[in-house]
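Indexing begins at 1, ligand by ligand and atom by atom, following the structure's order.
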Amino acid sequence: MCGIVGAVSERDVQGILLEGLRRLEYRGYDSAGMAVIGGDHSVQRAREVGKVASLAAAMKTNPLAGHLGIAHTRWATHGEPSQINAHPHMSGDRLAIVHNGIIENYQELREELRGEGFEFTSQTDTEVVAHLIEKNYRSLGSLYDSVRAAIARLRGAYALAVVHADEPDHLVVCREGSPLVIGVGIGENFIASDQLALLPVTDRFMFLEEGDIADIRKDGIAILDREGQSVEREITRFEHGADSADKGEYRHFMLKEIYEQPRVIKATMEGRVTNTRVLEQALGTDAENLLENVRHVQIIACGTSYHAGMVARYWIEELAGVPCSVEVASEFRYRKHVIQQDTLFLCISQSGETADTLAALRQAKKAGFRAALAICNVPGSSLVRESDLVIMTQAGPEIGVASTKAFTTQLTALLIFTLALARQNGLPEEQEAEIVKAIHLVPGQVSDVLALDGEIAEMSKAFMDKHHSLFLGRGSQFPVALEGALKLKEISYIHAEAYPAGELKHGPLALVDSEMPVVTVAPNNDLVEKLKSNLEEVRARGGELFVFADKMANVKPDEGIHVMQLPSVHPITAPIVYTVPLQLLSYHVAVLKGTDVDQPRNLAKSVTVE
Ligand code: HGA
């Protein structure tokens, strides 16, 4: 994901922009660039391949002086990482633009503009937008109107910041599907992909909404919404510590991280999905090519990430029709395996430094897999550097040892990947649109589950004095049950086992009695009736059931059956939403037992040893 930053001020903006880029570098770092409008009303531009430090070094010898500027740190989606493809892009020598996102119809616009005499110097989709705005400028003579007219023709996801040397006192920005925030200063204003970029210069922010277009001057901000109505967006103050290693108002990091999930799931979707489809280039410049002809997916991970991989297997086989195997890294790396032709190797790790996963990746690269895709939360980690394709989860730092938001953002990324692969394998457009619509609902549904926190805390009292518990799920909810059991054992030290509900009578039923609480997740899918029969089997043995159920699933509370109703969720996205009550349950049990929630005994966060 690229990062953009811009400033209009009474002072020189180069230092502000460079610091902003350094703070956005987690979003992408294959190249970086800056354009500043100087006192002589011309655009000066600097672009370098590599990290922001390379740009900063180049600018030491050739500084850019001026009070208006835009800058960019790139993670290529269209065109290789090179100086020519680095942003800002220009049309002629008066207009410059930075862009985060993907323009889906760039090919057709490129042909059209070429036909009208515009020359292209890069392979990016972004340059198309530069020329389209410049073309409008020639007839409209206003940057703001020209950007508005241009975005009416764009399909895809974008956050844009544009400057024109003929209008050296403002920048025009807009967003659709990619993040953009305005930093409000005194006698100066700023924009960036993330408020963290602007913290050295302001703590007051305005968040643009989808479809907004804004005119930013040093003494004023004017915003139009998608309908062209003038709107005011609320100014909020940045709460220090909200994103950093600080618990804020929460008693534990784990609880804070559970509550961050609606926001970070949304951030993981941003720039990767439109309202109706997944933007596969958001997985990397070469994604289309590497995903084409994938005949098998081999997922490798450890712990919680392994459970995310297990959920993904259900999705990949159901939606993409591609066979998928999942294995824990520590097993995979020490056995001989038969590699099927055209297998994609997919590794998942929060830290990107998990020793076993990394070792498996290194082996796989030698063994002849088609390509390696990493799903990871830490930019610049070994896993990210060594893979061909990467989907970064946008969970932010996860401090609690028991993983929560990393898991649900991994699932979000895996579902986006699945849809990209499924499209290659003939998933009908309408089905993709239906699932993308369901993905957009997930942050709100997770918030609805968080609102049940008090009731879940109450329920947790029943587990406090227990020594064992059983978690049941069917289909893609079986890995959710595994993850729920893992959470409970990690932080409350209660022995918890998870089983596919259909396996109950093949053994674990022998353990069930009134001392063995049984937790079940029951979304309203085609397996719910079978699951209900399994619940009866438990009840008949005196077991106490705790069921998290879709209200449409019609699971009724009764003696020995505690039912917590969850929002109705699409069966495909249900594993993401149903994970959350199990996280809260474990958390509250651990708090009641007085364990060290954030640093449970014998465990560590990033498992960099075998
Ligand atoms: N499509 C543009 C911007 C890429 C981006 O936003 N990545 O996250 C490019 O390839 O330069």
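Within a 6.0 Å sphere centred on CG of Leu290, heavy atoms belonging to other residues, nucleotides or ligands number more than 12.
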Assess the residue pair Phe120 and His131 against the criterion (ring-ring contact (aromatic ring centres under 6.0 Å, His included)); give the C-alpha distance rounded to whole Å, side-chain angles, the decisive distance to 0.1 Å, and a yes or no. CA-CA 9 Å; Phe120 284 81; His131 291 319; 4.8 Å; yes
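At a 4.0 Å heavy-atom cut-off, ligand 1 touches Asn100 through backbone and side chain alike. At a heavy-atom cutoff of 4.0 Å, ligand 1 is contacted by no atom of Gln281, backbone or side chain. At a heavy-atom distance under 4.0 Å, atoms from both the backbone and the side chain of Thr77 approach ligand 1.
Considering backbone and side-chain N/O atoms, His72 never comes within less than 3.5 Å of an N/O atom of ligand 1. Not a single N or O atom of Ile102, backbone or side chain, sits closer than 3.5 Å to an N or O atom of ligand 1. Checked against a 3.5 angstrom limit, the closest N/O atoms of Gly101 and ligand 1 fall inside it. The N/O atoms of Thr124, backbone and side chain alike, include none that comes under 3.5 Å of an N/O atom in ligand 1.
Close contacts of ligand 1 with His78, meaning ligand atoms under 4.0 Å from a residue heavy atom, involve 1 (N), 10 (O). In summary, the atoms of ligand 1 found under 4.0 Å from a heavy atom of Thr126, numbered by their order in the structure, are 2 (C). Annotation for ligand 1: atoms under 4.0 Å from non-hydrogen atoms of Asp125 are 1 (N), 2 (C), 9 (C). Which parts of ligand 1 touch His87 is read off a 4.0 Å heavy-atom cut-off, strictly below it: atoms 2 (C), 9 (C), 11 (O).
A heavy-atom separation below 4.0 Å is not found between Gly79 and ligand 1.
Between Lys405 and Glu398 there is no salt bridge, since none of the side-chain N atoms of the basic residue sits less than 4.0 Å from a carboxylate O of the acidic one. Salt bridge status for Glu119 with Arg114: absent, with no side-chain N to carboxylate O gap under 4.0 Å.
If you run side chain to side chain donor-acceptor pair (under 3.5 Å) between Arg226 and each of Glu210, Glu176, Glu209, only Glu176 comes through. Among the candidates Glu127, Lys135, Arg110, the single residue satisfying the side-chain contact (heavy atoms from CB on, under 4.5 Å) test with Phe118 is Lys135.
The distance between the ring centers of His78 and Tyr106 falls below 6.0 angstrom.
Screening residues 41-62 for side-chain hydrogen bond (donor to acceptor under 3.5 Å, both in side chains) gives Asp40-Ser42 as the qualifying pairs, with residues at least two apart or on separate chains.
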